[in-house]
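Here is the naming used below: chain letters follow the sequence lines, and residue numbers restart at 1 for every chain.
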Number of protein chains: 2
Amino acid sequence: MTTIKDIASHAKVSVATVSYVLNNTRYVSPEKKERILQAIRELDYVPNAVARGLRVRRSQTLSLVVADITNPFYPDIAKACEEAAQEAGYLVNIINTNEDGQRLADALRLLREGKTDGMIITTALEKDRTVLQELKDYALPVVFAHRELPGLDMDSVVSDNFNGAVAATNHLLGLGHRKVAFMGGVEGSEITRLRREGYVFAMRQAGFAIEPEWLISGEARYEPSYLATRTLMELEASKRPTAIININDVGAIGVIDAAYDLRLRVPDDLAVVGFDDLFIANSRQIQLTTVRIPRYELGKRATLILLEKLKKPDREVDVKPTNRIVLPVELIVRRTCGGRGA
Amino acid sequence: MTTIKDIASHAKVSVATVSYVLNNTRYVSPEKKERILQAIRELDYVPNAVARGLRVRRSQTLSLVVADITNPFYPDIAKACEEAAQEAGYLVNIINTNEDGQRLADALRLLREGKTDGMIITTALEKDRTVLQELKDYALPVVFAHRELPGLDMDSVVSDNFNGAVAATNHLLGLGHRKVAFMGGVEGSEITRLRREGYVFAMRQAGFAIEPEWLISGEARYEPSYLATRTLMELEASKRPTAIININDVGAIGVIDAAYDLRLRVPDDLAVVGFDDLFIANSRQIQLTTVRIPRYELGKRATLILLEKLKKPDREVDVKPTNRIVLPVELIVRRTCGGRGA
DNA sequence: CTGAAAGCGCTAACAA
DNA sequence: TTGTTAGCGCTTTCAG
């Protein structure tokens, strides 16, 4: 392995000088510079980033913590995050927690271990409050994206979940539906809470009652949503919903498939709306009406805020006010609710 | 920031002793051990992984290089990779290259910079041969997964692309199709080459001619595949294919959507088969017949081989024979070709 | 059984 | 304009 020392002796200069040309951190005479560059090429030298990191206490690495990389929602956030980070000379590493609190805790430790300089967290759940609170206590450079924890008061960028749900519900109501069910996601998620509230608000405002059975969980996944739909469809006729709002598109596809298996036509017998607007929602065979979540934007903004924090000297971090950005969402009307998209 | 020195002085022992209990690397008397553990708790000490890494020249990090994290193919590989790595005490960071040779080169540098201990590469393309060849020259610990470079002779785990294509083609032929087109993926990909060969082989063996126009590229993406399908459908009737094999499921959905827009019924007017067997291929609305690629297995095996390499002392690496594992694939018959899945 | 100290590869203060 | 050197936080050899 060749080190800075090898380059120094090969070019007949001090290691300091090599370091200076490597980092362009002070003037070095053209002749020496050339000799150094030459030596670097000849010996095919690559500086050791770990040693450098130890010295300057920075890793030039950002981490993105996601609950499930397999969920098509996250890759777009990841991409945005990478693009913004790359621009600033950071590498981003994606960490998958599988919604597991222990793995989240492990990920967070990377910050204190010095392996990563900042973190974007998309996995905040109520059950993780304790460990997340520590981030705040230590004033570690993190920003929450998509999910957040109410009352924690840390930088975050989320989407307008409440109004998204209101829009979805009103759309259904406008189409004449009265019996609309709301299929939530993981428990302890502020997202589910807000969207459910939006749904309840819209129903109430329109003067329609909500049967308790209509508030059900599809876990934001295909299979549970499929099953929950069957449960819903077994309700007595007067309570059986004619429309279902699912917390995300993947779950909504579970709803659609359950309808298919039950010989129910979508949207005639059952209307469905999702959240996210994944690629697949737009395929001709699916044409899912959904609330588009600006996930690229979510990732981008979160990363930019994080980068901003990392620029400031430590002192200012505490002084600066907390950012909380709420991005607007948009109802994309397609075919699964009938109406003008049909 | 609290360091090992703080713990040592707080517990009134030497830093060496602290290190020994931290790593469980030699006997320490119970009293001292307890004092040290106590100090660690009291000061809430977390060892600096960068300093440790510099000293032991290991980062306990693996990297997975993917071409496009947004493609639902990769997250499954990532998950497998993470699970295997985690088991062995490694963290994995996913690096997205966007199929960009420069970003691949940057990623590979991490190995020599000491930021990562080993790498799983899923982005090998002909154009990257030079930079990939260097990995071999330096005997760096990498393994190729999914994609490989012929003649490079490095560890790799791939799927049986040739036979998958043969199976897909024969299935179509068995259903009575004679005019089947093959829509390839990115250029310079060994995967495309092998599958195309499998297709050609099966067609030849059955004694059917292949029109040059039938070998077209859909770039393994939705939009280009959509467009390519329209091109194909504009051929004069005698050449117009009645079936299309797409290099992947995402592209196959583009084919299906194009057919829909052209008022062609799938499978009656046009049969389509994909590769991958993504989650969405199984939804009721799509029911795509496809060649299942064992991507979880791909990621798992590749990671295990990599881990194995990392266990050996450097010397043995060169001596050990190259692994090349070819995993079997399976044709999943559903609805888009008609026949028994219809 | 434990500690002192060298040193991993690099940066940057200080000196010249 | 350049070099010497301390030291980042840790592991591990060597001596005791």
Side-chain angles (χ1 to χ4, degrees), chain A residues 1-37 39-40 43-61 89 109-117 313-314, chain B residues 1-37 39-40 43-61 89 109-117 313-314:
Chain A
M1 188 209 197
T2 121
T3 74
I4 198 171
K5 264 189 186 163
D6 300 321
I7 301 302
S9 63
H10 199 267
K12 300 185 189 326
V13 295
S14 72
V15 293
T17 307
V18 177
S19 174
Y20 291 127
V21 344
L22 241 24
N23 303 293
N24 228 305
T25 176
R26 92 176 171 193
Y27 183 87
V28 171
S29 73
E31 317 88 76
K32 293 204 171 169
K33 194 166 190 171
E34 190 39 57
R35 275 190 352 243
I36 290 168
L37 260 16
I40 289 174
L43 305 189
D44 197 8
Y45 166 69
V46 175
N48 182 306
V50 177
R52 175 169 214 283
L54 175 58
R55 180 61 227 228
V56 305
R57 7 187 47 72
R58 265 183 301 105
S59 61
Q60 291 299 105
T61 299
R109 170 159 321 157
L110 294 176
L111 241 18
R112 299 186 59 202
E113 281 178 334
K115 277 192 152 188
T116 198
D117 295 341
D314 299 324
Chain B
M1 188 208 197
T2 120
T3 75
I4 198 171
K5 263 189 185 162
D6 300 322
I7 301 301
S9 64
H10 199 268
K12 299 184 192 325
V13 294
S14 72
V15 294
T17 307
V18 176
S19 174
Y20 291 128
V21 345
L22 241 24
N23 302 293
N24 228 306
T25 177
R26 91 177 173 192
Y27 183 88
V28 171
S29 73
E31 315 88 76
K32 291 201 172 172
K33 193 166 189 167
E34 189 38 59
R35 271 185 359 239
I36 291 168
L37 261 15
I40 289 174
L43 305 189
D44 198 6
Y45 167 68
V46 175
N48 182 308
V50 177
R52 175 170 213 284
L54 174 59
R55 179 60 229 230
V56 305
R57 3 187 50 69
R58 264 183 300 105
S59 61
Q60 291 299 105
T61 299
R109 169 159 322 156
L110 294 176
L111 242 17
R112 299 186 60 204
E113 282 179 333
K115 277 192 153 188
T116 198
D117 295 340
D314 299 322

Item checked: By side chain to side chain donor-acceptor pair (under 3.5 Å) - contacts of B:Ser14 (at least two apart) -> B:Thr17
Check: Got a sec, which residues hit side-chain contact (heavy atoms from CB on, under 4.5 Å) with A:Arg55, two or more places apart in sequence or on another chain?
Finding: none
Checklist line | Check: A:Met1 and A:Asn48 side chains under 4.5 Å, non-hydrogen atoms | finding: yes
Check: With sequence neighbours left out, what residues match B:Arg109 under side chain to side chain donor-acceptor pair (under 3.5 Å)?
Finding: none
Check: Listed by chain and number, what are the side-chain contact (heavy atoms from CB on, under 4.5 Å) partners of A:Arg35, not counting sequence neighbours?
Finding: A:Ala11, A:Lys12, A:Val13, A:Lys32
Checklist line | Angle between terminal axes - the helix from C:dC1-D:dG16 to C:dA16-D:dT1, 5 pairs each end, rounded to 10° | finding: 40°
Notebook entry, point to check: Below 4.5 Å, heavy atoms only, C-beta onward: do A:Lys5 and A:Val18 meet side chain to side chain?
Noted result: no
Item checked: Partner residues of A:Arg26 under the side-chain contact (heavy atoms from CB on, under 4.5 Å) criterion, sequence neighbours left out -> A:Tyr20
Next item on the list: Going 5' to 3' through nucleotides 9-16 of chain D, assign each nucleotide B (protein heavy atom under 4.0 Å from a base atom), S (under 4.0 Å only from sugar-phosphate atoms) or - (no protein heavy atom that close).
Entry: BBBBBB--
Checklist line | Nucleotides bounding contact with chain B, strand DNA chain C, heavy-atom threshold 4.0 Å | finding: C:dC1 to C:dG9
Notebook entry, point to check: Whole-Å distance between D:dT2 P and A:Glu34 CD?
Noted result: 14 Å
Margin query: Is the shortest side-chain heavy-atom distance between B:Thr3 and B:Val15 below 4.5 Å?
Written below: no
Next item on the list: Report the residues that fulfil side-chain contact (heavy atoms from CB on, under 4.5 Å) with B:Ser19, sequence neighbours left out, ordered by chain and then residue number.
Entry: B:Ile4, B:Asn23
Next item on the list: Check side chain to side chain donor-acceptor pair (under 3.5 Å) between A:Arg58 and all other residues, then give those that pass, not counting sequence neighbours.
Entry: A:Gln60
